[in-house]
Each structure stands twice: as C-alpha cells, then as structure tokens.
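All values below were derived from every heavy atom in this structure, side-chain atoms included, with hydrogens, water molecules and symmetry-related copies excluded.
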Amino acid sequence: TSSLLTKVGALRDTGDTRLSLAASADREEEDDETTAEEYLGNARYESDVTPRLFWFAQQELEKDEFEEIDLRSRTLVGPGYFLARRDRLTFKVRTGAGYQHEKYTTGGDSGEMIFSAGWDYAQLVGDWLKLTHDFTIYPEITNSPSDNFIFESALGVEVPIANSDAWHLRAGLDHEYNNNPEPGVEELDTTYNLGITRSF
C-alpha cells in the first residue's frame with residue numbers, strides 16, 4: 001500500500017483585500033491498483049467594504065475518479081462580516097450563492113444553483129500557538145437542499161519553528177462530507193496532514 005498527498009497554498013493580505021490560492025493532489029495504491037485519485041483547486045478573493053463588512057468571489061475545481069466526478073466546478077459570490085478582527089483573534093462569517101456544475105466519468109452532467117454558509121477562525125493562544133478552523137456548507141438550492149449538500153471543515157494548529165517569526169509547523173485535520181454521494185462511495189473523507197508555512 002502506498003499513498004501520496006501533496007497540498008500547497010498561498011495567501012496575500014494587503015489589509016483591505018485578501019487573495020487565497022490552494023491546490024492538492026491525493027493518490028493511493030494498493031497491490032499496484034489505484035484506490036484513490038483526487039485533485040482539488042480553490043481560489044477566493046475578498047475585498048473590504050467597511051472595516052467589518054466585505055464581499056468575496058470564489059472558484060473551486062475538483063476531479064475525483066472514485067467519486068465518478070470528472071470535473072466539479074463551483075462558483076460563488078456573496079457578502080461576509082468580521083465578528084472579531086483583532087491582532088490575536090479574527091473570526092469572520094460569510095454566505096454566498098452561485099452555480100455548481102458536475103461532469104461524470106460515466107457520462108452525462110448536471111448543474112445546480114447552490115448556496116454557501118461558513119466561517120473562518122484564527123486565534124493566537126499564548127505567545128506561539130495558533131488555532132485555525134474553516135468551515136463551509138454547500139446545499140443545492142434547486143435540488144432538495146436538505147438532501148443534497150456537501151460540507152468542508154479544516155482544523156489547523158500552527159507552532160513556530162525554532163522561535164522563528166516566519167517559519168511555522170502546521171498540523172491539520174480536514175473533513176469533506178457528502179450526504180448523497182454516488183453509489184458505493186463513502187459519505188465522509190478524512191485527511192490528516194503535516195506541513196510547513198512561510199510568512200513574507
């Protein structure tokens with residue numbers, strides 16, 4: 001059995017605008033047979049309207065052979081609000097509306113209007129421990145939203161490396177839950193990850 005998970009991300013914060021980019025690839029094999037193959041890409045732009053209120057635009061792309069998704073494209077726009085915006089604590093909520101298109105490896109495709117709601121949380125505990133949690137739920141507005149939704153959760157812990165202000169070690173726990181997947185596909189994906197971050 002072998003598995004390889006690669007994940008990269010970047011955030012540019014100018015104070016009143018924020019641009020985040022992320023991409024990941026997950027490939028697993030067992031007895032020379034591929035058992036998982038997933039590719040994800042995500043971009044989100046935020047711009048402040050006031051010190052508390054902002055708007056965002058987001059684009060996500062996903063390919064997952066074992067969920068029979070040749071391409072899932074999710075486009076969203078909407079407002080957000082900072083419930084807390086301090087040096088040691090930021091907590092913002094956001095909600096949006098958009099369109100999701102899915103093309104299946106078995107042929108055919110589908111398109112639905114979707115809604116999103118979630119939050120982004122980051123807090124510095126003591127002098128060196130940083131906790132983060134990002135959560136978003138995506139119900140399908142035009143297709144029984146209570147029966148067709150996906151939620152994503154990313155919990156992270158960061159600590160400095162050798163008292164550095166720039167280099168940090170990050171441990172993460174990611175969940176993706178689909179309450180109505182294709183037949184034979186599990187509803188919940190869980191990923192543990194460990195990586196390094198660099199601030200400029």
Side-chain angles (χ1 to χ4, degrees), residues 1-11 19-46 55-80 93-120 133-156 172-193 195:
T1 300
S2 64
S3 62
L4 176 64
L5 171 64
T6 304
K7 186 175 183 179
V8 295
L11 170 65
L19 174 63
S20 60
L21 303 171
S24 66
D26 183 11
R27 182 179 176 87
E28 301 177 12
E29 293 185 354
E30 184 173 348
D31 296 330
D32 296 325
E33 181 179 347
T34 303
T35 56
E37 188 172 2
E38 181 184 43
Y39 305 95
L40 297 170
N42 180 49
R44 186 165 78 205
Y45 175 78
E46 299 178 357
W55 68 272
F56 77 93
Q58 180 174 322
Q59 177 66 52
E60 295 184 18
L61 299 173
E62 178 180 358
K63 177 181 175 64
D64 192 328
E65 180 179 347
F66 288 84
E67 286 189 17
E68 299 182 354
I69 300 295
D70 190 48
L71 177 65
R72 175 185 285 142
S73 174
R74 186 184 291 143
T75 306
L76 291 154
V77 294
V93 293
R94 47 188 160 71
T95 181
Y99 184 75
Q100 176 176 282
H101 179 262
E102 293 180 330
K103 182 179 179 182
Y104 306 107
T105 57
T106 55
D109 56 9
S110 67
E112 302 289 345
M113 296 297 296
I114 61 171
F115 174 79
S116 75
W119 64 72
D120 301 300
H133 185 229
D134 302 333
F135 174 85
T136 310
I137 186 169
Y138 302 97
E140 296 181 3
I141 299 174
T142 52
N143 186 25
S144 301
S146 62
D147 297 325
N148 295 278
F149 63 86
I150 295 173
F151 79 68
E152 298 171 352
S153 171
L155 178 66
L173 173 62
D174 299 344
H175 293 295
E176 182 183 34
Y177 177 82
N178 185 342
N179 80 317
N180 190 21
E182 294 297 312
V185 177
E186 293 184 358
E187 295 179 343
L188 179 65
D189 285 340
T190 300
T191 305
Y192 302 90
N193 53 77

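- Contact detail for Thr142 and Met113: the closest heavy-atom pair is OG1-N, 3.3 Å.
- Using a 4.0 Å cut-off between charged nitrogen and carboxylate oxygen, Glu46 and Arg44 count as a salt-bridge pair.
- Annotation: Phe135 is in aromatic contact with Phe151 [ring centroid separation under 6.0 Å].
- In this structure, CG in Asn178 is found 8.5 Å from CZ in Phe149, a value given to the nearest 0.5 Å.
- Counting heavy atoms from C-beta on, the side chains of Val93 and Thr95 never come closer than 4.5 Å.
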For His101 and Arg72: C-alpha separation, side-chain torsions, deciding distance, then whether side-chain contact (heavy atoms from CB on, under 4.5 Å) applies.
CA-CA 6 Å; His101 179 262; Arg72 175 185 285 142; over 6 Å; no
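- Among all heavy-atom pairs drawn from Leu188 and Tyr177, the shortest one is CD1-CB, 4.0 Å.
- Salt bridge status for Glu152 with Arg74: present, with a side-chain N to carboxylate O gap under 4.0 Å.
- Across all non-hydrogen atoms, the minimal contact from Ser116 to Phe56 is OG-CZ, 4.3 Å.
- If you take CG on Asn180 and CD1 on Ile150, they are separated by 9.5 Å, rounding to the nearest 0.5 Å.
- Atom CD in Glu140 sits 14.0 Å away from atom CZ in Phe115 (nearest 0.5 Å).
- In this structure, Glu187 and Asn179 approach most closely via the heavy-atom pair OE2-O, 3.7 Å.
- No side-chain heavy atom of Asp109 sits under 4.5 Å from any side-chain heavy atom of Glu102.
- With sequence neighbours excluded, the residues forming a side-chain contact (heavy atoms from CB on, under 4.5 Å) with Ala57 are Trp55, Val77, listed by chain and number.
- Put simply, CD on Glu62 and CG on Leu40 are 5.0 Å apart, with the number rounded to the nearest 0.5 Å.
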After noting the C-alpha distance and the side-chain angles of Glu60 and Ser73, does the key distance pass the side-chain contact (heavy atoms from CB on, under 4.5 Å) rule?
CA-CA 6 Å; Glu60 295 184 18; Ser73 174; over 6 Å; no
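- For the residue pair Asp174 / Asn193, a side-chain donor-acceptor distance below 3.5 Å is found, with atom types taken as modelled.
- For Glu29, the CD atom sits in a packed shell: over 12 heavy atoms of surrounding residues, nucleotides or ligands are nearer than 6.0 Å.
- Side-chain polar atoms of Tyr39 and Glu65 form no donor-acceptor pair below 3.5 angstrom.
- Considering CG of Leu173 and OG1 of Thr190, their distance stands at 6.5 Å, rounded to 0.5 Å.
- Rounding to the nearest 0.5 Å gives a distance of 7.5 Å between OH of Tyr138 and CD1 of Ile114.
- Contact record, Ser110 with Tyr104: OG-OH, 2.9 Å, taken as the closest heavy-atom pair.
- Counting only heavy atoms from C-beta outward, the side chains of Lys63 and Asp70 approach each other to under 4.5 Å.
- Pro181 places none of its side-chain heavy atoms less than 4.5 Å from the side chain of Glu186.
- Remark: the Thr105 side chain and the Glu67 side chain contain no N/O donor-acceptor pair separated by less than 3.5 Å.
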After noting the C-alpha distance and the side-chain angles of Glu30 and Ser2, does the key distance pass the side chain to side chain donor-acceptor pair (under 3.5 Å) rule?
CA-CA 6 Å; Glu30 184 173 348; Ser2 64; over 6 Å; no
Test side chain to side chain donor-acceptor pair (under 3.5 Å) applied to Arg27 and Thr34, step by step:
CA-CA 7 Å; Arg27 182 179 176 87; Thr34 303; 3.3 Å; yes
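- Heavy-atom minimum distance, Ala43 versus Leu21: CB-CD2, 3.6 Å.
- Salt-bridge check for Arg94 with Asp120: passed, with a basic side-chain N closer than 4.0 Å to an acidic carboxylate O.
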